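The model shown is predicted, which means the values in this text are computed figures rather than measured ones.
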Amino acid sequence: MNLSLNQWTTRRWTVAEAVDGCVRHGLEAIGLWRQEVAAQGLAESVKLVRAAGLRVSSLCRGGFLTAGGLPGEQGRRAFAAALDDNRRAVDEAAELGAACLVMVVGGLPGVVPGEPLSGPVSRDVAGARERVAEGLAELAPYAGERGVKLALEPLHPMYCADRAVLSTLEQAVDLCLPYPVEQVGVVVDTFHVWWDPRLFEQIARAGERIASYQVCDFLHPLPADVLLGRGMMGDGVIDFAPITRAVLEAGYTGDVEVEIFNADVWAADPDEVLSTMKARYAEVVLRS
């Protein structure tokens, strides 16, 4: 496996700066975010990545399919808009040659991340998961025709209400099974799955469906904004070695992305962040 910088870890960097940073630090792959690609320009981002000889290990993100669970015309329009945005995301991933399009599927319909409840909200979590399955049925063939793999990312249960009604790797694998492995896979992100008592069983079950392996640590205590509770490997409570071994034994041969949401990491010198990231990858993630 090879190390990849997920662009959000060095959030201060543009696509051009992140690409240049990867080259200077000897990395061979980068994970990109759609809003940063849009700011740089899709064509220019493609040009930069190719000129640098980098692989695009993932494009973040598609998903947020659950808004279709709102009642009536509002739900129908929201679902149609989500499908349109995801088709655009697939097209962008195809242009970039991304190994996968990460899918954060969405939380309860009407719940907006980081905002108080207002307006219509659905508390039907089972129905929200049905909307995800419906959206996947629409998008998987479209992605397959364009050579893009959709990678379903289960998120820690604390994000179920607002970001992802998929909370376990088992749920994500279950959703994949009706589709060819080339079309739909899963993300194994240590921050989100380390706690799962069935993790190793489900990693083995996922096998060649593993489309992305993302790493960062789970900090304790978590900050007030739990979205920013991701730390540099070795700074939290996760035992990376057995997870990495399980992913390898499942047959994964792709890149390992370091994806960190953390205010202190974002405020630090990005070059220092990359130097630390490389050292911790060797010392913590790959240790036997």
Side-chain angles (χ1 to χ4, degrees), residues 32-35 37-38 42 58-96 98 100-180 182-187 189 192 209 211-212 227:
L32 296 173
W33 279 69
R34 292 182 65 202
Q35 55 265 57
V37 169
L42 177 58
S58 74
L59 178 65
C60 294
R61 60 192 178 196
F64 288 89
L65 297 166
T66 54
L70 291 171
E73 185 63 21
Q74 185 177 6
R76 287 189 289 273
R77 289 181 178 178
F79 191 57
L83 290 176
D84 285 345
D85 183 63
N86 275 277
R87 292 186 188 102
R88 287 192 293 271
V90 167
D91 293 343
E92 292 161 14
E95 285 292 317
L96 289 161
C100 64
L101 173 65
V102 174
M103 302 288 286
V104 176
V105 298
L108 293 174
V111 177
V112 180
E115 296 185 10
L117 297 181
S118 63
V121 171
S122 170
R123 292 169 172 82
D124 181 6
V125 66
R129 290 174 180 140
E130 290 175 4
R131 300 295 84 72
V132 174
E134 291 172 4
L136 193 60
E138 293 282 343
L139 294 170
Y142 185 88
E145 290 170 0
R146 287 151 183 81
V148 173
K149 179 178 287 190
L150 306 178
L152 302 176
E153 182 171 16
L155 267 56
H156 191 283
M158 63 185 169
Y159 301 119
C160 185
D162 61 352
R163 285 182 170 83
V165 292
L166 294 184
S167 301
T168 67
L169 188 57
E170 182 174 15
Q171 289 174 311
V173 173
D174 286 346
L175 272 179
C176 287
L177 294 180
Y179 304 100
E182 297 82 12
Q183 289 183 9
V184 187
V186 298
V187 179
D189 184 321
H192 294 302
R209 296 271 181 183
S212 178
L227 186 65

Show the numbers, then the answer: is there a side-chain contact (heavy atoms from CB on, under 4.5 Å) between Met103 and Leu166?
CA-CA 10 Å; Met103 302 288 286; Leu166 294 184; over 6 Å; no
Is any side-chain heavy atom of Arg87 closer than 4.5 Å to one of Leu139?
yes
Are more than 12 heavy atoms, taken from residues, nucleotides or ligands other than Arg77, located less than 6.0 Å from that residue's CZ atom?
no
SG/Cys100 to CZ/Arg61 distance, rounded to the nearest 0.5 angstrom?
14.0 Å
Within a strict 4.5 Å, meaning less than it, do heavy atoms of the Val184 and Leu177 side chains meet?
no
Enter the distance from His156:NE2 to Leu227:CG here, rounded to the nearest 0.5 Å.
13.0 Å
If every non-hydrogen atom of Val173 is compared with every non-hydrogen atom of Val186, which pair is closest and at what distance?
N-CG1, 4.0 Å
Can you confirm whether Thr168 sits close enough to Pro154 that some side-chain heavy atom of one is under 4.5 Å from a side-chain heavy atom of the other?
no
Cut-off 3.5 Å, no hydrogens considered: what does the side-chain donor-acceptor table look like for residues 109-122, sequence neighbours left out?
unit_1 : atom_1 : unit_2 : atom_2 : d
Ser122 : OG     : Asp124 : N      : 3.2

Gap separating the OG atom of Ser58 from the CG atom of Leu32, nearest 0.5 angstrom
7.5 Å
Grab the two heavy atoms, one from Val105 and one from Val165, that are nearest each other, plus how far apart they are.
CG2-N, 3.9 Å
When rounded to the nearest 0.5 angstrom, what is the spacing between CD in Glu182 and NZ in Lys149?
7.0 Å
Do His192 and Val187 come close enough that some side-chain heavy atom pair is under 4.5 Å?
no
pair Leu101-Val90: side-chain heavy atoms closer than 4.5 Å
yes
Which residues pass the ring-ring contact (aromatic ring centres under 6.0 Å, His included) test with Phe64, not counting sequence neighbours?
none
Salt bridge (charged side-chain N to carboxylate O under 4.0 Å, His left out) against Arg131, all qualifying residues, sequence neighbours excluded:
Glu134
Smallest heavy-atom separation, Gly68 atom then Ala78 atom, equals N-CB, 4.4 Å
Please report the closest heavy-atom contact between Cys160 and Val125, naming both atoms and the distance.
SG-CG2, 4.1 Å
Specify the closest pair of heavy atoms between Glu138 and Leu83, including all atoms of both residues, with the distance to one decimal.
CB-CD2, 3.9 Å
Do Arg88 and Asp85 sit within salt-bridge range, that is, some charged N less than 4.0 Å from a carboxylate O?
yes
Apply side-chain contact (heavy atoms from CB on, under 4.5 Å) to Glu92 and Val37, showing your working.
CA-CA 9 Å; Glu92 292 161 14; Val37 169; 5.6 Å; no
Working for side-chain contact (heavy atoms from CB on, under 4.5 Å), residues Thr66 and Leu108:
CA-CA 7 Å; Thr66 54; Leu108 293 174; over 6 Å; no
Taking the side chain as everything from C-beta on, heavy atoms only, tell me whether Asp91 gets closer than 4.5 Å to Val148.
no
Value rounded to 0.5 Å, distance of CG in Leu169 from SG in Cys176
8.5 Å
Please give me the minimum heavy-atom distance between Ala164 and Leu155, naming the atom from each residue.
CB-CB, 3.7 Å
Side chain to side chain, Leu150 and Tyr179, heavy atoms closer than 4.5 Å:
no
Are Asp189 and Glu153 packed together at the side-chain level, in the sense that at least one heavy-atom pair is separated by less than 4.5 angstrom?
yes
